[in-house]
2 protein chains.
Amino acid sequence: MKKDAKIRILIADDHYIVRIGLVALVSTEPDMEVVAEAADGAQALELFAKCNPDLALIDLSMPVKSGIETTIEIRKRFPAAAVLILTAYDGDEDIYRALQAGAQGYVLKSSSGEKLIPALRSVAAGQRWIPKDVASRLASRSSFEQLTPREVQVLQELAKGLANKEIADTLNITEHTTKDHLKSILSKLRVADRTEAVTAALQRGIIHL
Amino acid sequence: MKKDAKIRILIADDHYIVRIGLVALVSTEPDMEVVAEAADGAQALELFAKCNPDLALIDLSMPVKSGIETTIEIRKRFPAAAVLILTAYDGDEDIYRALQAGAQGYVLKSSSGEKLIPALRSVAAGQRWIPKDVASRLASRSSFEQLTPREVQVLQELAKGLANKEIADTLNITEHTTKDHLKSILSKLRVADRTEAVTAALQRGIIHL
DNA sequence: CATGTCATCCCTCTTTAGAGGGGTATGGAA
DNA sequence: TTCCATACCCCTCTAAAGAGGGATGACATG
């Protein structure tokens with residue numbers, strides 16, 4: 001290996017402290033370096049295009065453009081890009097969507113340096129990296145049925161506290177149809193009523209406040 | 001000032017990366033040092049008792065014992081302790097409770113080093129530190145009426161998706177009383193129904209999932 | 001072409017939610 | 001003590017919510 005063939009990393013996180021921490025952690029490793037720091041998704045995209053890093057370490061919850069959106073964009077524009085998601089547990093749905101979006105790995109912010117560094121190296125080398133516990137939750141996730149886009153849309157209005165009739169108006173459908181969607185939401189999420197549906201969806205990351 | 005009279009800081013955060021970041025940040029300042037690192041509230045208490053730091057920098061969302069609980073405990077056992085809350089925006093109610101719990105300051109994880117370092121120095125020197133935007137949100141908070149402990153309790157059951165009758169059973173009251181509490185919750189939070197009450201309470205940090 | 005999924009619409013029926021009144025007992029503040 | 005907030009109880013009534021059926025057109029996939 002050439003001495004200057006370091007793994008060039010882009011980090012994207014809206015928390016300044018986290019960015020410092022990542023830079024500090026990476027700088028302890030001689031074979032990697034942080035070449036760009038972004039505080040939001042849009043900035044991450046810009047910097048990726050400019051720096052063309054070997055690895056993008058991206059937080060899920062960021063302003064302007066979410067980690068998921070950013071990952072999708074990066075992978076679309078740079079199909080060879082290696083993306084590792086770093087987050088403070090945002091629910092199974094987010095993990096699933098991150099991997100669907102093309103991320104090769106997923107690490108939690110609580111994981112120690114001994115776990116993080118190998119993840120960085122692994123994903124930069126083109127391999128996948130998904131912690132066992134995350135993988136198992138991902139498996140159990142599949143036991144729940146997938147919500148359709150329309151159902152998610154209804155769920156979002158539901159979270160605002162709208163009544164069926166109001167949801168019907170905003171979505172330009174009838175109250176009957178709203179009730180139908182609600183019925184399938186309740187059965188798919190295996191909950192008893194709309195309020196539990198909202199909290200369950202929030203916990204699983206299907207919707208956000 | 002004596003050369004070795006550094007500000008001795010205890011940091012408590014469940015995210016390893018954040019702890020690294022804080023250590024890295026603090027180490028850039030010659031007059032302060034991190035003397036203890038805790039990954040949860042209980043550990044923070046232990047280490048505080050052992051190290052007796054000049055300042056405790058505490059995250060709000062931690063396992064085992066929350067930042068609020070930890071702050072209350074620390075302030076009870078060490079009335080002279082200086083506590084600075086560090087968090088990723090957890091809703092107005094949390095900020096309010098943190099300050100009620102005896103914390104002298106409040107900083108957001110997104111704030112830059114130029115803002116964080118003065119906050120550390122200020123609180124360690126016995127002064128208060130509350131960002132302007134946080135202070136203004138705190139003021140607007142007071143326009144909402146305070147929920148009683150019982151109402152918060154009902155709200156928590158509400159978030160589980162329980163029906164009025166079920167809530168009544170778990171709290172050993174009648175359904176009528178549950179409805180009464182619900183009525184005052186709806187009016188105090190200025191929302192139309194139970195579902196909106198739950199999301200509003202989550203946003204304001206009155207309850208958590 | 002058949003099958004399946006999605007989104008839409010419709011009806012009935014029972015239970016629940018929420019608005020509107022009423023009241024009592026307690027314990028702290030004025 | 002008088003006042004006020006809290007917590008508890010009760011009743012009625014209307015409008016929702018949610019469970020149960022059945023049905024259609026669009027569109028993709030086998």
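Per chain, numbering begins at 1; letters A, B, ... match sequence-line order.
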*In degrees rounded to 10°, what angle is found between the helical axes fit to the five outermost pairs at each end of the helix from C:dC1-D:dG30 to C:dA30-D:dT1?*
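What I find for the helix from C:dC1-D:dG30 to C:dA30-D:dT1 is an axis angle of 50°.
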*Return the residues of residues 156-164 of chain B meeting this criterion: a heavy atom under 4.0 Å from some atom of DNA chain C. Order them by number, or give none.*
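Those residues whose heavy atoms fall under 4.0 Å from DNA chain C, taken from residues 156-164 of chain B in numerical order, are B:Ala163, B:Asn164.
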In Å, rounded to the nearest 0.5 Å, how long is the span from [atom1] of [X] to [atom2] of [Y]?
| X | Y | atom1 | atom2 | result |
| --- | --- | --- | --- | --- |
| B:Ile58 | B:Leu10 | CD1 | CG | 6.5 Å |
| A:Asn164 | A:His176 | CG | NE2 | 11.0 Å |
| A:Ile207 | A:Leu158 | CD1 | CG | 7.5 Å |

Hey, is [X] close enough to [Y] for a salt bridge, meaning N to O under 4.0 Å?
| X | Y | answer |
| --- | --- | --- |
| A:Lys160 | B:Glu196 | no |
| A:Arg194 | B:Asp193 | no |
| B:Asp13 | B:Lys109 | yes |

*asked:* Is it the case that the side chain of B:Arg75 and the backbone of B:Ala81 share a donor-acceptor pair, with hydrogens and angles ignored and the cut-off at 3.5 Å?
replied: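 Yes, B:Arg75 side chain to B:Ala81 backbone: donor-acceptor pair under 3.5 Å.
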_Quick check against the 3.5 Å criterion: does A:Glu69 have a side-chain atom that pairs as donor or acceptor with the backbone of A:Lys65?_
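Checking the backbone N and O of A:Lys65 against the side chain of A:Glu69, no donor-acceptor pair under 3.5 Å is found.
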_Contacts of type salt bridge (Lys or Arg N to Asp or Glu O under 4.0 Å), residue B:Arg150, not counting sequence neighbours_ =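 B:Arg150: no salt bridge (Lys or Arg N to Asp or Glu O under 4.0 Å) contacts found.
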From [atom1] of [X] over to [atom2] of [N], roughly how many Å is that when rounded to an integer?
| X | N | atom1 | atom2 | result |
| --- | --- | --- | --- | --- |
| A:Lys165 | C:dG18 | NZ | P | 19 Å |
| A:Gln146 | C:dA7 | CD | P | 12 Å |
| B:Leu147 | D:dA5 | CG | C1' | 14 Å |
| B:Leu182 | D:dA7 | CG | C1' | 15 Å |
| A:Ile185 | D:dA19 | CD1 | P | 12 Å |

*For B:Lys183 and for B:Pro149, find the nucleotide of DNA chain D with the closest heavy atom, then tell me which residue's nucleotide is more 5'.*
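Here B:Pro149 is the residue nearer the 5' end.
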*Enumerate the residues from residues 166-181 of chain B whose closest heavy atom to DNA chain D is under 4.0 Å, giving them by residue number; use none for an empty result.*
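Residues of residues 166-181 of chain B under 4.0 Å from DNA chain D: B:Ile173, B:Thr174, B:His176, B:Thr177, B:Asp180, B:His181.
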pair [X]-[Y]: side-chain heavy atoms closer than 4.5 Å:
| X | Y | result |
| --- | --- | --- |
| B:Val152 | B:Thr148 | no |
| B:Thr177 | B:Thr174 | yes |
| A:Trp129 | A:Val107 | yes |

*A:Arg194 side chain near C:dA17 phosphate (N/O to OP1/OP2, under 4.0 Å)*: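 A:Arg194 to C:dA17 OP1/OP2: no side-chain N or O under 4.0 Å.
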*Phosphate OP1/OP2 of C:dA7 contacted by A:Thr148 side-chain N/O (<4.0 Å)*: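 Answer yes for this pair, as a side-chain N or O of A:Thr148 is under 4.0 Å from OP1 or OP2.
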*Could you note down all residue pairs passing ring pair (Phe, Tyr, Trp, His ring centres under 6.0 Å) where residues 39-68 of chain B supplies at least one of them, sequence neighbours left out?*
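Every ring pair (Phe, Tyr, Trp, His ring centres under 6.0 Å) pair that includes a residue of residues 39-68 of chain B, provided the two are not neighbours, is B:Phe48-B:Phe78.
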Are any protein N/O atoms closer than 3.5 Å to N/O atoms in nucleotides 25-30 of chain C? If there are, list each pair with its distance.
none

